[in-house]
Amino acid sequence: MTGARHADVVGTGSALPERVVTNDYFESLVETSDEWIRDRTGIRARHFATDGENTSDLATRAATNALQTAGVAAGQVDVIVCATLTPDNPIPAAAVRVQQKLGLSCPAFDVNAACAGFSYGMSVGTAFIESGHAETVVVIGAEILSRVLDMTDRSTCILFGDGAGAVVLRPAEAPGVIGTVLGADGNAADILLIPAGGSAMPASAETVAARDHAIRMPNGKEVFKRAVREMASACRELLEKSGYTSDDVDLLIPHQANARIMNAVADRLGIGGDRAVVDVAEVGNTSAASIPIALDRAWRAGRVKQGGLVLLTSFGAGLAWGATLLRWTTPEPAR
Ligand SMILES: CC(C)(COP(=O)(O)OP(=O)(O)OC[C@H]1O[C@@H](n2cnc3c(N)ncnc32)[C@H](O)[C@@H]1OP(=O)(O)O)[C@@H](O)C(=O)NCCC(=O)NCCS
């Protein structure tokens, strides 16, 4: 390869657990309704893993699926990066379990930037390719959030789902990955968190009884506002530094947290209608997995056109956020 070395997305894949949980399931657990959940979030259903099904199982399925799409043999993978806040165990990394399940011996590690994890994982994977340290990188976003939910807290339990998505990155002479913007603000760390299970609050009988190992969001409205503001501004910054405008974007894929958040981001950017992917209805918020799942589903539905400009943007606990701009080179799927 002559000239600068770039990274390109050459395949996508995703995996959802078989079990579908519709909104009425929560009506017996908390005071809520299907109508409230649909109106306020756009979510109708989500997938929950079954007992014995772990994050690395979903991640391995998504990675295998992405490698098949890319036509790349698993043996060619040089690095596995898995973005997750729900690895099978605190250690080892979920990525290492994926490596073992794929029968590989390459480096493998996790990235945790909560719901912004896929943006961070993509920047790491891209750096491996651009620097010449790897020829083939699999970047995965995978979560089993149903195991970190407080099923008595109506403001959080209805939002999240389980799943995994993955992309395969390979070197290219023209940029597939055009650029990335990342951001974080630890001043707001306590508005979205899992309080226990780390060094600040180790697991104890008390933490379990108090449900301190579950996701807490004491100020959902503030999370909502910050999500809209940071995703829109990360996208603007990235477009400007890459020499594009919103008009050039063929497809916007925001973190699939809530349809109202995504519509507000699309409105602020002036990227509405068919140009914005809102695919939360059947999947829910799958945190680090949401963007690669939405990307894969959009590609399989024929919405990601070869040669198109694709803008991905994420936001989550940290607070942390990011945006990635892609020139899409993979042909549409055969029909
Ligand atoms: C959680 C969220 C959907 C709540 O919607 P909202 O319109 O902001 O609602 P509010 O928080 O103002 O709550 C309004 C009322 O609905 C109630 N409510 C919250 N969850 C409810 C539920 N599942 N069912 C019924 N009522 C609910 C609240 O208790 C509140 O009642 P009150 O007025 O008696 O106090 C919204 O804040 C949100 O999406 N925040 C961001 C969440 C997110 O995406 N987090 C992850 C980011 S990665």
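Just so you know, these numbers use all the heavy atoms, side chains as well, and skip hydrogens, waters and symmetry mates. Order of listing sets the numbers, starting from 1, for every ligand and every atom in it.
Given atom 23 (N) of ligand 1, the protein heavy atom at minimum distance is R154 O, 2.9 Å. Of all protein heavy atoms, the one lying nearest to atom 5 (O) of ligand 1 is W36 CH2, 3.8 Å. When hydrogens are left out, the protein atom nearest atom 10 (P) of ligand 1 is K221 NZ, 3.9 Å; that is the closest non-hydrogen contact.
Protein non-hydrogen atoms do not reach within 4.0 Å of atom 15 (C) of ligand 1. Inside a 4.0 Å radius of atom 39 (O) of ligand 1 there is at least one protein heavy atom. Protein heavy atoms all stay at least 4.0 Å away from atom 35 (O) of ligand 1.
Side chains of N54 and S56: no donor on one and acceptor on the other come within 3.5 Å. A donor-acceptor pair shorter than 3.5 Å cannot be found between the side chains of T207 and D212. A side-chain donor from one of R46 and N23 sits under 3.5 Å from a side-chain acceptor of the other. Checking S204 against E206 by side-chain atom types alone, a donor-acceptor pair falls below 3.5 Å. One side chain, R97 or N89, offers a donor N or O that lies under 3.5 Å from an acceptor on the other.
Contacts with ligand 1 closer than 4.0 Å are made by no heavy atom of F26, backbone or side chain. Residue contacts with ligand 1 for N285 involve side-chain atoms from C-beta outward but no N, CA, C or O (heavy atoms, distance under 4.0 Å). Looking at T32 against ligand 1, both its backbone and its side chain come within 4.0 Å, counting heavy atoms. Looking at I261 against ligand 1, only its side chain comes within 4.0 Å, counting heavy atoms.
Heavy-atom separations between A227 and ligand 1 are all 4.0 Å or longer.
The ligand atoms of ligand 1 that sit less than 4.0 angstrom from a heavy atom of E31 are 24 (N), 25 (C). Close contacts between ligand 1 and N258 involve ligand atoms 3 (C), 38 (C), 39 (O) [criterion: under 4.0 Å to a heavy atom]. Ligand 1 places these atoms under 4.0 Å from at least one heavy atom of I158: 23 (N). Residue A257 has at least one heavy-atom neighbour below 4.0 Å for each of these atoms of ligand 1: 44 (O). For ligand 1, the atoms sitting less than 4.0 Å from at least one non-hydrogen atom of C115 are 48 (S), numbered in the order shown with element in parentheses. Using a 4.0 Å cut-off to heavy atoms of F315, the atoms of ligand 1 that qualify are 48 (S).
The shortest heavy-atom contact between F48 and F160 is CE2-O, 3.4 Å. Closest approach of D34 to E27, counting heavy atoms only: N-OE2, 2.9 Å.
The hydrophobic cluster containing V168 also includes V10, L67, V72, V77, I80, V98, L102, L104, V138, I140, under a criterion of side-chain heavy atoms closer than 4.5 Å among ILVMFWY residues, counted directly or through chains of members. As a member of the Ile/Leu/Val/Met/Phe/Trp/Tyr network built from side-chain separations under 4.5 Å, L16 groups with V283, I293.
Checking only distances, G220 does come within under 3.5 Å of ligand 1, N or O to N or O. An N or O contact shorter than 3.5 Å is missing between H255 and ligand 1 by distance.
A cation-pi geometry, defined here as NZ or CZ lying under 6.0 Å from the six-membered ring centre and within 45° of its normal, holds between R19 and Y25.
In the candidate list R40, M262, M217, M217 is nearest to atom 1 (C) of ligand 1, counting heavy atoms.
Shown are T50, D57, I144, L58; of these, the side chain to side chain contact (heavy atoms under 4.5 Å, CB included) with P17 is made only by L58.
Taking hydrophobic clusters as Ile, Leu, Val, Met, Phe, Trp and Tyr residues chained together by side-chain heavy-atom distances below 4.5 Å, M231 shares a cluster with I271.
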